[in-house]
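Computed over heavy atoms, backbone and side chain alike; hydrogens, waters and symmetry mates excluded.
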Amino acid sequence: MTNLPALTIPEPVFRAMVDHCLRESPLECCGVLGGSGRVVDSLHAFRNHLASETLYEADPQDVIVAVRELRERGAEFVALYHSHPRWPAIPSKTDLRRNYYGDLPRIIVSLQSDPPVTRAWRLDAETYEEIPIELKPDTVESGGGTG
């Protein structure tokens, strides 16, 4: 059991993330979820600069665009995500070795099964710990009125 706080992700953002992973398969894909603290409110899909089935590297221009968009609205990176087209949603040795963002949560979407399995992690150099994911229901908020 973990003591790490959960990531809260709106269901439409979660679905968009999984859809991005499915569209890019069999290549690994990557992106970032934006927001504040552990609460996600946006998705920024990146192109895999390596175009590889086993590695990913975010296209630098895509990262710059995401950083600018998030800064403009006072948001930040909440979590990074990438897919494992043929492996479980567990960090690989490569994921641990290429952890350039410290303890920023990492989401892995495994495409081994249907539906895909999605798990979040806090990575260290040689270990990892699971972070709970809480999906926020897809609700329409109104300004007080109905109809």
Determine whether a donor-acceptor pair (N or O, by modelled atom type, separation under 3.5 Å) exists between the side chain of S110 and the backbone of W87. yes
Minimum-distance pair of heavy atoms, taken over all atoms of F77 and L104: O-CD1, 3.6 Å
Determine yes or no for a side-chain-to-main-chain donor-acceptor pair under 3.5 angstrom, with D95 supplying the side chain and S92 the backbone. yes
Membership question, hydrophobic clusters at under 4.5 Å side-chain separation (ILVMFWY): are L80 and Y56 in the same one? no
Check A66 against F46 and note the closest heavy-atom contact, atom names and distance. CB-CE2, 3.7 Å
Out of curiosity, does V109 fall in the hydrophobic cluster containing L22 (side-chain heavy atoms, cut-off under 4.5 Å, transitive links)? yes
With side chains defined as the heavy atoms from C-beta onward, is the minimum distance between E76 and L70 less than 4.5 Å? no
Heavy atoms only: give me the nearest T118-M17 pair and the separation to one decimal. CG2-CE, 3.9 Å
V39 versus V78, closest heavy-atom pair with distance: O-CG2, 3.7 Å
Could you tell me the separation between the CD1 atom of I64 and the CD atom of E69, rounded to the nearest 0.5 Å? 12.5 Å
Which pair of heavy atoms, one from L96 and one from D124, lies closest together, and at what distance? CD2-O, 3.4 Å
Any non-hydrogen side-chain atom of P88 less than 4.5 Å from a side-chain atom of Q112? yes
Check D41 against R73 and note the closest heavy-atom contact, atom names and distance. OD1-NH2, 2.8 Å
Supply the atom-to-atom distance I108 CD1 to C21 SG, rounded to the nearest 0.5 angstrom. 10.5 Å
Answer with yes or no whether the hydrophobic clustering places I131 together with V40; edges join I, L, V, M, F, W, Y residues whose side-chain heavy atoms lie under 4.5 Å apart. yes
E53 vs P85 side-chain heavy atoms within contact, under 4.5 Å: no
Are V63 and Y100 connected in the hydrophobic side-chain network, where two residues link if heavy atoms are under 4.5 Å apart? yes
Show your reasoning for whether side-chain contact (heavy atoms from CB on, under 4.5 Å) applies to H44 and D62. CA-CA 8 Å; H44 305 269; D62 294 347; over 6 Å; no
State whether the side chain of D59 and the backbone N or O of R47 hold a donor-acceptor pair below 3.5 Å, judged by distance alone. no
H20 and Y81: CA distance, side-chain angles, deciding distance, side-chain contact (heavy atoms from CB on, under 4.5 Å) verdict: CA-CA 10 Å; H20 177 222; Y81 73 88; 2.7 Å; yes
Nearest-0.5 Å distance that lies between atom NE2 in H49 and atom CD in E57: 5.5 Å
Report the C-alpha distance between R15 and V18 in whole Å, list the side-chain angles of each, state the deciding distance to 0.1 Å, and finish with yes or no for side-chain contact (heavy atoms from CB on, under 4.5 Å). CA-CA 5 Å; R15 285 192 304 269; V18 172; 5.9 Å; no
Side-chain heavy atoms of C29 within contact of N48, under 4.5 Å: no
Is there a path of hydrophobic side-chain contacts, each under 4.5 Å between heavy atoms of I/L/V/M/F/W/Y residues, joining I133 to W121? no
Rounded to the nearest 0.5 Å, what separates atom CZ in R106 from atom CZ in R98? 9.5 Å
Just by modelled atom types, is the L27 backbone N or O under 3.5 Å from a matching donor or acceptor in the S25 side chain? no
Worked verdict on I9 versus I107 for side-chain contact (heavy atoms from CB on, under 4.5 Å): CA-CA 11 Å; I9 306 173; I107 297 172; 4.0 Å; yes
Atom CD of E11 and atom NZ of K136: how far apart are they, to the nearest 0.5 Å? 10.5 Å
